[in-house]
Amino acid sequence: MEKSNGGSGADGTVEELSTYGTGKEEVEMDGKLRVGILGGTGMVGQRFIALLENHPWFQVEAIAASPRSAGKTYEEAVEGRWKMDTPMPEAVKNLKVMNVNDVEAVASQVDFVFSAVDMTKEEIKKIEEDYARTETPVVSNNSAHRWTPDVPMLIPEVNPEHTDVIQYQRKRLGTTRGFVAAKPNCSIQSYAPVLTAWKEFEPVEVVATTYQAISGAGKTFQDWPEMVGNIIPYIGGEEEKSEKEPLRIWGKIEGGVIVPAREPAITCQCIRVPVLNGHTAAVFVRFRNKPTKEQLVQRLRTFTGEPQRLKLPSAPGQFIQYLEEDNRPQVALDVDYEHGMGVSVGRLREDLIYDYKFIGLSHNTVRGAAGGAVLCAELLKAQGYMG
């Protein structure tokens, strides 16, 4: 399958007009890449659709889901199950849902895909690589490929250089354009960027407890009434992800694969709480070089990365905010900071056992899921990987 796009300038902006080859005809689009959403009827798929409405670089052209949804219009397929606060975009209502297993058919209509499919891990690995082998880049919200050694797992402000591993992945897949990139688990967004901002002080030990919203399980209170007034002290697989994924994000590319960092040692507990959106983390940190509180706060407030330098469309202007009030951050007040793409931190103070402790908060389905994946795609576009 032959695809071309208009590319991006050095500052990450998209050229005014691009021409895309579909194999049958040339379709001129207004500077936008054509996007497919795999698993578009689920909660994360719906979030992708909501976030991509009027996106300056990307346009949803195909939605794929399970065979039971295939052939219906998108509006029919999600009737009674639209979970976003904003209305369903008019532009997608009449799109015919395609069968996600018809890889060639879906791929022929798009320039890249976001993946939010609900399958087994092995099935996800296979179908994402199948799409990549059609020369269609895949930006995945799923966990299946997060530990594939040549797949970058990206928080764009933290490890944009990990996209360099794509050249080795393409050799393995036998592609020139196709690849898979992933975003990490939603649970780490409220503390891994914070620890990155403090890297110079060398965190060596971290204890984190995350209090995670029910939308992280793809649920609302209507779907999950037993969560009202309840706490469940277990989320399957979440603690291992929370302890290990930050180390991969802080790793280095060696011999064509990403080698995880060795420290800090992280131990974590993950608890489901009766909140719709927003993961909160209570974190204790020990440093090799203990800083002052003032130094830590200053590093948070000045922390920036490639998305800010490139002025990517979804990038928060200030990635991390520090709140001085004793009762902040709060989900009700702070979860939508920077349209849900920023991280809020508060209650930073010295600890009797560790050096410091703090509270972090991030939006789990925006920065932690679909929004984080959209920002990854914007970074990949700006770096030239969608070409």
Side-chain angles (χ1 to χ4, degrees), residues 35-40 42 44-45 47-48 51 58 100 112-133 136-170 172-173 175 177-189 192-193 196 216 237-238 240-253 256-261 306-307 312 314 341 362 364-381 383 385-386:
V35 178
I37 300 174
L38 313 181
V44 174
R47 180 69 74 179
F48 274 120
L51 289 174
F58 307 142
V100 72
F112 76 96
V113 296
F114 289 112
S115 175
V117 291
D118 183 12
M119 299 175 172
T120 68
K121 188 168 285 192
E122 289 308 311
E123 288 172 336
I124 293 170
K125 280 185 175 181
K126 181 180 185 304
I127 200 166
E128 289 183 349
E129 289 196 354
D130 286 348
Y131 273 91
R133 287 192 172 97
T136 306
V138 178
V139 181
S140 180
N141 185 71
N142 298 301
S143 64
H145 272 297
R146 288 180 190 158
W147 286 90
T148 302
D150 57 12
V151 170
M153 180 173 66
L154 302 167
I155 299 179
E157 288 89 350
V158 174
N159 61 332
E161 73 283 357
H162 279 194
T163 58
D164 289 347
V165 82
I166 288 171
Q167 61 183 305
Y168 302 103
Q169 184 193 151
R170 283 171 167 166
R172 174 175 64 84
L173 295 175
T175 61
R177 184 176 183 272
F179 62 88
V180 179
K183 54 148 290 296
N185 197 47
C186 53
S187 64
I188 73 171
Q189 307 286 337
T196 304
E238 203 78 356
E240 181 183 9
K241 295 172 187 174
S242 301
E243 292 167 351
K244 301 299 184 186
E245 287 187 13
L247 298 174
R248 188 167 194 263
I249 288 167
W250 295 321
K252 295 186 182 306
I253 298 174
V257 299
I258 297 167
V259 178
E306 280 294 280
L312 300 180
S314 300
M341 290 297 290
S362 60
N364 56 294
T365 66
V366 181
R367 169 57 77 159
V374 171
L375 188 63
C376 289
E378 291 169 359
L379 175 69
L380 289 159
K381 170 64 177 166
Q383 291 179 333
Y385 287 99
M386 297 299 192

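The first residue of the sequence shown is numbered 1, and numbering continues consecutively from there.
For the residue pair Pro184 and Ile155, the shortest heavy atom distance occurs at CG-CG1, 3.5 Å. Residues Pro149 and Val165 share a closest heavy-atom pair of O-CG2, 4.2 Å. Of all the heavy atoms in Ala144 and Thr148, the pair that sits closest is O-OG1, 4.3 Å. Heavy atoms only, all atoms of each residue included: Arg248 and Pro152 are closest at NH1-C, 4.4 Å. Residue Asn364 comes nearest to Gly216 through the heavy atom pair ND2-N, 3.3 Å, listed as atom of the first residue, atom of the second, then distance.
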For residues 368-377, run the donor-acceptor check on the side chains, cut-off 3.5 Å, and write out each pair with its distance to 0.1 Å, sequence neighbours left out.
none

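Rounded to the nearest 0.5 Å, atoms CE (Met341) and CG (Leu51) are 8.0 Å apart. Here Ser140 contributes atom OG and Met153 contributes atom CE; the two are 11.5 Å apart, rounded to the nearest 0.5 Å. Taking CG of Leu173 as the reference point, atom CZ of Arg133 lies at 5.0 Å (rounded to 0.5 Å). The distance from the CD atom of Glu240 to the CG atom of Asn185 is 11.0 Å, given to the nearest 0.5 Å. We find the CG-CG distance between Leu38 and Asn141 to be 11.5 Å, quoted to the nearest 0.5 Å. Separating the NE2 atom in His145 from the CZ atom in Phe179 is a distance of 12.5 Å, to the nearest 0.5 Å.
No more than 12 heavy atoms of other residues, nucleotides or ligands shown are found within 6.0 angstrom of CG on Asp118.
Between the His162 side chain and the Gly251 main chain, a donor and an acceptor come within less than 3.5 Å of each other. Panel note: side chain Thr120, backbone Glu123; a donor-acceptor pair is recorded below 3.5 Å. Thr136 places no side-chain N or O within donor-acceptor distance of the main-chain N or O of Ala132, the cut-off being under 3.5 Å. When atom types are taken as modelled, the side chain of Glu306 and the backbone of Pro156 share no donor-acceptor pair closer than 3.5 angstrom.
Residues Val113 and Val35 fail the side-chain proximity criterion, which asks for heavy atoms closer than 4.5 Å. In this structure, the side chains of Met386 and Val139 come closer than 4.5 Å at one or more pairs of heavy atoms. Using a 4.5 Å heavy-atom cutoff, the side chains of Asn159 and Trp250 are not in contact. Looking only at side-chain heavy atoms (C-beta outward), Leu154 and Lys183 stay at 4.5 Å or farther from each other. No side-chain heavy atom of Val259 sits less than 4.5 Å from a side-chain heavy atom of Lys252. Using a 4.5 Å heavy-atom threshold, the side chains of Ile188 and Lys241 count as separate.
Side-chain atoms of Thr365 and Arg47 include a donor-acceptor pair closer than 3.5 Å. When only modelled atom types and interatomic distance are considered, Glu128 and Asn142 share a side-chain donor-acceptor pair under 3.5 Å.
Within the structure, salt bridge (charged side-chain N to carboxylate O under 4.0 Å, His left out) contacts touching residues 138-158 (residues at least two apart or in different chains) are Arg146-Glu245, Asp150-Arg172, Glu157-Arg367.
Using the six-membered ring where Trp is involved, Phe48 and Phe114 have ring planes that are parallel, under 30° apart on the 30 and 60° scheme.
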- Could you walk me through whether Tyr385 and Arg170 pass side-chain contact (heavy atoms from CB on, under 4.5 Å), step by step? CA-CA 11 Å; Tyr385 287 99; Arg170 283 171 167 166; 4.1 Å; yes

- Query: Step by step, would you call Phe112 with Tyr131 a ring pair (Phe, Tyr, Trp, His ring centres under 6.0 Å)?
  - Reply: CA-CA 9 Å; Phe112 76 96; Tyr131 273 91; over 10 Å; no

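For the pair Lys125 and Glu129, the salt-bridge criterion is not met [side-chain N within less than 4.0 Å of a carboxylate O].
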